[in-house]
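Below, chain A is the first sequence line, B the second, and so on; all start at residue 1. Just so you know, these numbers come straight off a predicted model, no measurement behind them.
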2 protein chains.
Amino acid sequence: MDQTLPRIHDNFPFLQRKDIELLFSISELRKVQSGDVLLKEGDVNSNVHLVLSGLLRSYVINSSGDEKTVLISKENMRAASLNSFLHKRPSEITIEAIEPSTILIINSNLFQQAIISNENLALLEKQGMRSYLIDATERLHLLTVLSPEERFIRFRDEHPDLIQRVPQMYLASYLGVTTVSLSRIKSRIAKQG
Amino acid sequence: MDQTLPRIHDNFPFLQRKDIELLFSISELRKVQSGDVLLKEGDVNSNVHLVLSGLLRSYVINSSGDEKTVLISKENMRAASLNSFLHKRPSEITIEAIEPSTILIINSNLFQQAIISNENLALLEKQGMRSYLIDATERLHLLTVLSPEERFIRFRDEHPDLIQRVPQMYLASYLGVTTVSLSRIKSRIAKQG
DNA sequence: GGCATGAAATAACAAAAGATAATTAATGGT
DNA sequence: ACCATTAATTATCTTTTGTTATTTCATGCC
């Protein structure tokens with residue numbers, strides 16, 4: 001925990017050492033390998049997964065049996081099943097590590113208890129909901145008003161590191177295109193602009 | 001207000017008459033015509049628009065100058081600019097009535113004040129955030145894992161009334177296709193299944 | 001280091017969606 | 001009720017995207 005504490009403090013400066021200790025006491029710190037699954041579709045798991053290091057992808061399987069990546073979570077980002085988190089229903093998504101990662105798995109029941117008596121954790125929750133809302137809206141915006149090529153450029157500009165780190169097949173499905181299409185987009189951009 | 005009170009009570013049963021009266025006192029009840037604009041892109045307007053009757057559409061304009069409908073709000077649904085609501089920044093969307101409508105325009109500043117002392121309105125806000133989150137996630141899901149035809153069928157099954165009420169051009173852009181494509185989808189479905 | 005495995009790029013073809021235009025249907029205003 | 005305007009459908013053509021297969025490239029493993 002001593003390595004991760006400064007990082008958490010950087011990102012959530014209002015959290016004091018005692019808050020973070022409380023957070024860790026109701027959470028599990030898990031180190032996972034690339035390919036390990038943290039949450040499986042169909043399971044009821046209302047945990048929130050906070051990425052301390054590494055990379056997660058969340059995906060669903062569509063009616064043709066293809067995996068669709070719906071979220072890519074890097075350091076300080078979260079991953080969770082909204083279905084499970086809000087309704088205790090089977091998860092619609094699978095969460096899988098695509099890098100060796102260190103994940104803080106926050107038990108939502110214990111967390112809900114904790115925020116009753118801890119204002120800073122309550123603030124963390126409020127911020128979390130808010131940022132989830134903003135992310136979802138932003139992503140909706142990208143998917144509805146931008147073309148695949150515009151989406152790729154936007155993603156590249158916002159997350160230059162991820163272009164290298166995320167395997168193309170996952171990025172393609174995240175951007176809503178096939179791997180072949182993404183290849184074409186990249187070569188088009190490389191040629192001109 | 002006396003006609004609208006029962007409807008609000010139906011949808012938010014935890015609200016008492018006094019809560020609803022407080023809500024109305026910090027809101028404006030506006031009757032609008034089809035085509036009237038409630039919020040214009042670029043304006044800072046953090047109000048939440050609750051549809052008491054009628055139909056609103058929220059749209060953005062993409063880089064080709066085309067209007068993209070991002071939300072269709074019928075009775076008891078809301079419309080707001082997240083940008084303005086959360087950050088007091090210029091709105092990214094325009095909200096327009098597409099039926100003669102009665103809209104409760106809730107002033108978010110006054111509302112934030114009110115929830116400090118009124119638990120039921122606080123619950124209303126929490127529910128509102130929650131349902132916004134669910135809606136956004138659901139819509140993301142639809143747009144990423146379903147084909148246009150599957151999206152149309154889903155929309156039709158969930159909102160059979162809206163198929164009649166929403167002009168096709170708005171529905172098409174909401175589903176992420178052109179009007180011509182939507183026509184084709186409809187005729188395909190009409191022929192077989 | 002070479003070999004096996006899987007991912008990415010490329011090519012050729014098929015299918016789907018977009019663009020445009022013409023026709024039909026619906027709507028609103030006088 | 002009629003006309004003007006706009007929306008929806010249909011047809012044709014073009015462009016884009018997906019599909020499949022092949023080649024090139026990268027990675028991990030022995």
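Among the nucleotides C:dA8, D:dA8, C:dA19, the one closest to the side chain of B:Thr178 is C:dA19. Nearest to the side-chain atoms of A:Arg184 among the listed nucleotides D:dG18, C:dA7, C:dA9 stands D:dG18. The side chain of B:Val177 lies closest to C:dG18 when the candidates are C:dG18, D:dT19, D:dA8. Comparing atom distances between the B:Met169 side chain and each of D:dA7, C:dA9, C:dA19 picks out D:dA7 as nearest. The nucleotide whose nearest atom lies closest to any side-chain atom of A:Val180 is, among C:dA11, C:dA9, D:dT17, C:dA11.
For the residue pair A:Ser84 / A:Ser91, no side-chain donor-acceptor distance below 3.5 Å is found, with atom types taken as modelled. Side-chain atoms of A:Ser173 and A:Glu67 include no donor-acceptor pair closer than 3.5 Å.
One atom, NZ of B:Lys186, and another, C1' of D:dA8, lie 8 Å apart when rounded to the nearest Å. Rounded to whole Å, atom C1' of D:dA8 lies 13 Å from atom CZ of B:Phe152. The distance between atom CD of A:Gln164 and atom P of D:dT27, rounded to the nearest whole Å, is 11 Å. Separating the CG atom of A:Leu175 from the P atom of D:dG18 is a distance of 12 Å, rounded to the nearest angstrom. Taking atom CD of B:Glu99 as the reference point, atom P of C:dG28 lies 11 Å away to the nearest angstrom. In this entry the distance linking CG of A:Asp66 with P of D:dT19 reads 8 Å, nearest Å. Rounded to a whole Å, the CD1 atom of A:Ile189 is 12 Å from the P atom of C:dA9. Here the P atom of nucleotide C:dA7 and the CG atom of A:Leu182 are 15 Å apart, to the nearest Å.
Using a 4.0 Å cut-off, no side-chain N or O of B:Gln168 falls inside it from OP1 or OP2 of C:dA26. Distances shown here put a side-chain N or O of A:Ser181 below 4.0 Å from the OP1 or OP2 atom of D:dG18.
Residue order along DNA chain D, read from the 5' end via each residue's closest nucleotide, puts B:Thr179 first among A:Pro148 and B:Thr179.
Geometrically, A:Arg151 does not engage A:Tyr174 in a cation-pi contact defined by less than 6.0 Å to the ring centre and at most 45° from the axis.
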(message) Applying side chain to side chain donor-acceptor pair (under 3.5 Å) to A:Lys88 and A:Asn109, what does each step give before you reach the verdict?
(response) CA-CA 11 Å; A:Lys88 312 283 183 214; A:Asn109 297 324; 3.0 Å; yes

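Counting non-hydrogen atoms of neighbouring residues, nucleotides and ligands closer than 6.0 angstrom, the NZ atom of B:Lys40 reaches no more than 12 such neighbours.
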